[in-house]
2 protein chains.
Amino acid sequence: MILAIAGKRLADHGIRGLNIKDIAQDAGINHGTLLHHFGSAEGMRTALLTNLTAALIADMSAILNSDAPADTIFMELFRLMSQSGHNKLLAWRALEDAEYSPLTEGPSEKLIQQILDGVTRRIQGRDITLAQNIIFLALSSAVGWGICGPALKQSLGMSRTQQDQFPAWVGEQLPKLIQDQPTAHENRNKS
Amino acid sequence: MILAIAGKRLADHGIRGLNIKDIAQDAGINHGTLLHHFGSAEGMRTALLTNLTAALIADMSAILNSDAPADTIFMELFRLMSQSGHNKLLAWRALEDAEYSPLTEGPSEKLIQQILDGVTRRIQGRDITLAQNIIFLALSSAVGWGICGPALKQSLGMSRTQQDQFPAWVGEQLPKLIQDQPTAHENRNKS
DNA sequence: AATGTTATTAACATTTGTGTCAATAGATCT
DNA sequence: AGATCTATTGACACAAATGTTAATAACATT
């Protein structure tokens with residue numbers, strides 16, 4: 001499939017690899033054919049963006065819907081985000097200000113709600129704010145891990161094994177945030 | 001300054017905004033002058049990358065060296081990463097696989113060591129592994145926040161105020177990870 | 001098989017980004 | 001002022017990316 005080849009080019013060569021000539025050559029077809037299908041070079045990129053985002057959501061969904069223990073789930077989640085295709089996608093979106101639709105509409109919207117429900121159930125009796133904060137922390141950390149995990153690891157002088165264990169460590173830590181958590185209101189008046 | 005204009009173009013128009021013609025026009029000079037200074041278009045981008053990275057490190061350094069309370073520091077750290085210039089820089093680096101030098105050499109190396117020392121001091125008697133994990137969590141989360149914070153916030157249905165309070169919340173949570181923390185060894189044998 | 005439709009191609013055309021060069025302007029030094 | 005150097009410019013040249021077109025190939029429908 002054409003978009004798969006384009007996705008590989010994004011992962012391997014960055015944005016500059018996303019031109020119709022090179023992609024067509026990799027696919028062994030004429031570049032005019034690409035234009036005929038997608039209408040324009042920009043249209044091809046938009047299609048790729050949508051496609052890759054859907055793939056990311058699907059992968060996340062598969063992980064988060066499994067009934068594995070928390071640390072395993074987080075390990076998988078972080079591993080997922082470190083895949084070149086996925087972190088390059090997020091970087092690309094960030095650069096192009098593509099904060100619109102795909103991440104907040106359609107299947108992903110349902111997925112997020114699902115996660116939210118699951119976490120809220122676990123922290124029964126507490127504020128939904130807490131669930132949101134915890135999820136936000138986990139996901140943002142996973143994204144940051146994908147974007148500059150290797151560089152950070154090097155800066156901090158972390159060993160290979162330690163970096164590998166970090167995702168599971170996060171999975172173990174998050175439950176601590178649930179225990180002894182003040183309500184959002186107390187929280188606000190604390191300092 | 002030329003690089004300041006180039007940086008603004010990166011923040012406003014993404015990577016495609018980083019071409020000598022547009023930058024020269026924004027700066028009101030001939031594009032040949034730009035080439036004369038930086039040698040090539042690629043040289044200009046390299047200079048910009050180095051320059052922006054140094055600026056990011058400097059900003060982070062200023063925050064982390066202040067003697068403000070933890071939650072304030074985290075608030076500032078997250079706010080910093082959400083600035084368009086800084087998160088676009090990281091996205092750019094991620095896309096171009098620019099994981100080399102600047103983040104791990106020179107002033108930033110000293111900065112990281114400084115942070116590591118500070119955290120290690122606070123968790124005296126414990127493994128340095130813990131300090132590294134905590135810093136890794138905070139920084140990766142801050143990066144993820146900068147890259148796709150707004151999109152995540154929207155997906156999770158977080159209110160404006162809650163999103164604003166998230167950085168401070170993180171600052172409050174991290175100390176909990178220090179309490180009752182098993183050593184790295186126990187940790188490894190746990191599951 | 002005849003027809004209409006869509007996919008594919010090669011060749012050309014346009015636009016955009018990059019680089020070169022010779023001439024000029026400005027600065028510095030004696 | 002004269003000599004020398006650097007900075008800047010406009011004009012041109014080149015390369016790369018995108019888009020267009022007319023012809024052909026492949027396919028489906030009747």
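The sequence lines fix the lettering, A, B, ..., with proteins before strands; numbering per chain opens at 1.
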Report, as a single string ordered 5' to 3', how protein heavy atoms within less than 4.0 Å touch nucleotides 19-28 of chain D: B base, S sugar-phosphate only, - not at all. BB--------
Side chain to side chain contact (heavy atoms under 4.5 Å, CB included) partners of A:Met75, counting only residues at least two apart: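 Once residues adjacent in sequence are excluded, the partners of A:Met75 under the side chain to side chain contact (heavy atoms under 4.5 Å, CB included) criterion are A:Pro167, A:Ala168.
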Rounded to the nearest 0.5 Å, what separates atom OG in A:Ser140 from atom CE in B:Met81?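 It is 11.5 Å, given to the nearest 0.5 Å.
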Whole angstrom value for the distance that separates [atom2] of [N] from [atom1] of [X]:
X       : N      : atom1 : atom2 : answer
A:His36 : C:dT5  : NE2   : P     : 14 Å
A:Ile15 : D:dA17 : CD1   : P     : 14 Å
A:Leu34 : C:dT9  : CG    : C1'   : 13 Å
B:Phe38 : C:dT18 : CZ    : P     : 13 Å
A:Gln25 : C:dA10 : CD    : C1'   : 15 Å
A:Lys21 : C:dT9  : NZ    : P     : 15 Å

Which residues pass the side-chain hydrogen bond (donor to acceptor under 3.5 Å, both in side chains) test with A:Ser61, sequence neighbours left out?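 With neighbours one apart ignored, the set is A:Asn65.
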Using residues 7-18 of chain B as the side-chain source, report each donor-acceptor pair under 3.5 Å to any protein atom, sequence neighbours left out, with the distance given to one decimal.
residue: B:Lys8; atom: NZ; partner: B:Asp12; partner atom: OD2; Å: 2.8
residue: B:Arg9; atom: NE; partner: B:Gly17; partner atom: O; Å: 2.7
residue: B:Arg9; atom: NH1; partner: B:Asp26; partner atom: OD2; Å: 3.0
residue: B:Arg9; atom: NH2; partner: B:Asp22; partner atom: OD2; Å: 3.4
residue: B:Arg16; atom: NH1; partner: A:Glu42; partner atom: OE1; Å: 3.1

So which pairs with a foot in residues 53-89 of chain A pass ring pair (Phe, Tyr, Trp, His ring centres under 6.0 Å), sequence neighbours left out?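 For residues 53-89 of chain A, and leaving out neighbouring residues, the ring pair (Phe, Tyr, Trp, His ring centres under 6.0 Å) pairs sorted by first residue read A:Phe78-A:Trp145, A:Phe78-A:Phe166.
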OP1 or OP2 of [N] less than 4.0 angstrom from a side-chain nitrogen or oxygen of [X], does that happen here?
X       : N      : result
A:Arg45 : D:dA17 : no
A:Thr33 : C:dT9  : yes
B:His37 : D:dT8  : yes

From D:dT9, D:dT8, C:dG17, nucleotide with atom closest to B:Ile29 side chain: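 Looking only at side-chain atoms, B:Ile29 lies closest to D:dT9.
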Got a sec, which pairs hit salt bridge (Lys or Arg N to Asp or Glu O under 4.0 Å) with one end in residues 75-87 of chain B, sequence neighbours left out?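 Counting only pairs at least two positions apart or across chains, the salt bridge (Lys or Arg N to Asp or Glu O under 4.0 Å) contacts touching residues 75-87 of chain B are B:Glu76-B:Arg79.
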So, do B:Ile2 and B:Met44 sit near enough that their side-chain heavy atoms are less than 4.5 Å apart?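 No, side chains not in contact.
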What does D:dC14 pair with, Watson-Crick or G-U, if both distances are under 3.5 Å?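 Check on D:dC14: paired to C:dG17, both distances under 3.5 Å.
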